[in-house]
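Quick note on labels: first sequence line is chain A, next is B, and so on, each numbered from 1. Since this is a predicted model, take the numbers as computed values, not measurements. Because only heavy atoms are used, hydrogens play no part in the values below, and waters and symmetry mates are left out as well, while side chains stay in.
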2 protein chains.
Amino acid sequence: MKSSLEELEKELKIRNINISYQRLKVLECLTLNHCHPTVDQIFTALHKDIPTLSKTTVYNTLRILVDAGMVRVITIEEHETRYDIDMENHGHFKCESCGMIYDFSIDIDLLTCDELSNFEVNDQNVYFKGICPGCLSNINQNK
Amino acid sequence: MKSSLEELEKELKIRNINISYQRLKVLECLTLNHCHPTVDQIFTALHKDIPTLSKTTVYNTLRILVDAGMVRVITIEEHETRYDIDMENHGHFKCESCGMIYDFSIDIDLLTCDELSNFEVNDQNVYFKGICPGCLSNINQNK
DNA sequence: AACAAATCTGTAATCATTATAAATCAATTA
DNA sequence: TAATTGATTTATAATGATTACAGATTTGTT
């Protein structure tokens with residue numbers, strides 16, 4: 001897993017994205033916390049280190065990273081856009097009780113769908129919702 | 001497939017939703033056009049028959065239907081909420097060229113995911129994006 | 001140091017959705 | 001039929017995330 005600032009710089013250079021402190025920090029934020037943050041969460045996290053940071057910069061940077069294929073957009077819920085630096089194919093589960101988002105692996109069989117054999121598939125998203133084990137046991141304890 | 005207004009009335013009664021002309025028409029619109037319409041598309045389609053219709057009513061009705069489990073929300077794209085009356089488990093493919101949304105069947109294997117064995121899964125959405133066969137052939141012809 | 005190009009910032013504008021309150025409608029009773 | 005009650009619909013205003021934009025700042029180059 002790539003994590004150091006130097007490696008992130010390389011990743012940007014490969015994709016012809018100019019380097020800036022803000023861009024590196026947004027990338028670092030996504031890399032360190034694989035928590036699928038929202039724009040607000042990224043902004044709040046970085047604002048401590050970069051008091052002058054503008055939310056517009058966070059939006060702009062994320063658009064650049066998404067367009068370059070380094071980051072994917074997650075829209076499990078209406079009005080809750082999140083960002084994920086893990087481009088490997090995987091599913092997202094959102095707990096409707098605590099709001100936490102979990103990654104899970106998905107079967108390659110899903111990809112080989114006869115019906116779509118004549119389609120060019122560029123992007124795949126699998127979103128589940130429900131209750132996570134932690135919240136399930138809390139609910140049971142309070143009974 | 002249920003389609004007549006009478007059958008839609010029954011469906012509403014079963015779920016303890018009071019019947020109104022607007023509610024029936026929204027339901028009918030979703031039933032006749034399995035095109036996963038947006039709020040605007042529903043509003044525009046019904047406005048011809050119901051000139052007094054308010055967009056707020058469309059929003060309110062859809063919320064009631066979704067809460068009752070008769071309709072599901074589709075959020076393939078940010079800022080493009082669509083509604084689907086087909087509650088059977090299936091995937092959605094959106095063509096990035098023509099914007100059309102296609103249904104496709106998904107494998108039951110997807111559901112039996114070991115990692116999520118301790119999770120309570122209440123909702124599953126599979127969203128693909130790419131280019132549909134029609135747009136692919138257009139692109140090839142124009143080469 | 002000066003210049004040009006890119007990036008960042010802050011504010012204003014946009015647009016879908018939600019909140020709210022008054023108007024309308026439907027059903028019931030007198 | 002008229003009055004009453006409750007639910008639904010409507011129109012408008014408010015909200016909030018995102019985008020547009022223009023000026024300020026930074027960076028790299030000569």
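A close approach under 4.0 Å does not occur between any side-chain nitrogen or oxygen of Arg63(B) and OP1 or OP2 of dT17(C). Contact annotation: Tyr59(A) side-chain N/O to dT18(D) OP1/OP2 distance is under 4.0 Å. Between Thr81(B) and dA16(C) there is no side-chain polar atom (N or O) within less than 4.0 angstrom of OP1 or OP2. Residue Asn18(A) places no side-chain N or O under 4.0 Å from the OP1 or OP2 atom of dT27(D). Between Asn60(B) and the phosphate of dT9(D), there is no side-chain N or O to OP1/OP2 separation shorter than 4.0 Å.
Electrostatic pairing of Glu80(B) and Arg82(B) counts as a salt bridge here, judged by a charged N lying under 4.0 Å from a carboxylate O.
For His79(B), the listed nucleotide lying nearest its side chain is dT18(D); candidates were dT17(C), dT9(D), dT18(D). Between dT10(D), dT9(C), dT18(D), one nucleotide has an atom nearer to the side chain of Gln22(B) than all others, and that is dT10(D). Closest to the side chain of Thr56(A), out of dA16(C), dT10(D), dA20(D), is dA20(D).
Taking the nucleotide of DNA chain C with the nearest heavy atom to each of Ile19(A) and Glu78(A), the more 5' of the two is matched to Ile19(A).
Distance alone, capped at 3.5 Å, is enough to place a donor-acceptor pair between the Thr75(A) side chain and the Thr75(B) backbone.
Between His47(A) and Phe43(A), the ring planes lie tilted relative to each other; the angle falls in the 30° to 60° range.
Between Lys55(A) atom NZ and dG16(D) atom P the separation is 12 Å, expressed in whole Å. The CD atom of Gln41(A) sits 12 Å away from the P atom of dA17(D) (whole-angstrom rounding). Distance Phe43(B) CZ to dT10(D) C1': 11 Å, rounded to the nearest Å. Atom CG of Leu24(B) is separated from atom P of dC25(C) by 17 Å (rounded to the nearest Å). As rounded to whole Å, 17 Å separates atom P of dT18(D) from atom CD1 of Ile64(A). Rounded to whole Å, atom C1' of dA17(D) lies 14 Å from atom CD1 of Ile42(A). As rounded to whole Å, 10 Å separates atom P of dT18(D) from atom CD of Glu80(A). Spacing between atom NZ of Lys25(B) and atom C1' of dT8(D) amounts to 18 Å, rounded to whole angstrom units.
Side chain to side chain, His36(A) and Asp86(A) fail the donor-acceptor criterion of an N or O pair below 3.5 Å.
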Can you check side-chain contact (heavy atoms from CB on, under 4.5 Å) on Thr81(B) and Val39(B), steps first, answer last?
-> CA-CA 8 Å; Thr81(B) 304; Val39(B) 165; over 6 Å; no
Test Leu30(A) against Ile42(A) for side-chain contact (heavy atoms from CB on, under 4.5 Å), laying out the working first.
-> CA-CA 8 Å; Leu30(A) 285 164; Ile42(A) 296 170; 4.2 Å; yes
Might you work through the ring pair (Phe, Tyr, Trp, His ring centres under 6.0 Å) test for Phe119(B) and Phe104(A), ending with a clear yes or no?
-> CA-CA 11 Å; Phe119(B) 289 67; Phe104(A) 62 90; 8.3 Å; no
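Backbone-only contact: Ser20(A) has heavy atoms under 4.0 Å from sugar-phosphate atoms and none from a base.
Sorted by residue number, the members of residues 45-54 of chain A with any non-hydrogen atom under 4.0 Å from DNA chain C read Thr52(A), Leu53(A), Ser54(A).
Partners of Asp40(A) under the side-chain hydrogen bond (donor to acceptor under 3.5 Å, both in side chains) rule, at least two apart in sequence or in another chain, are Lys55(A).
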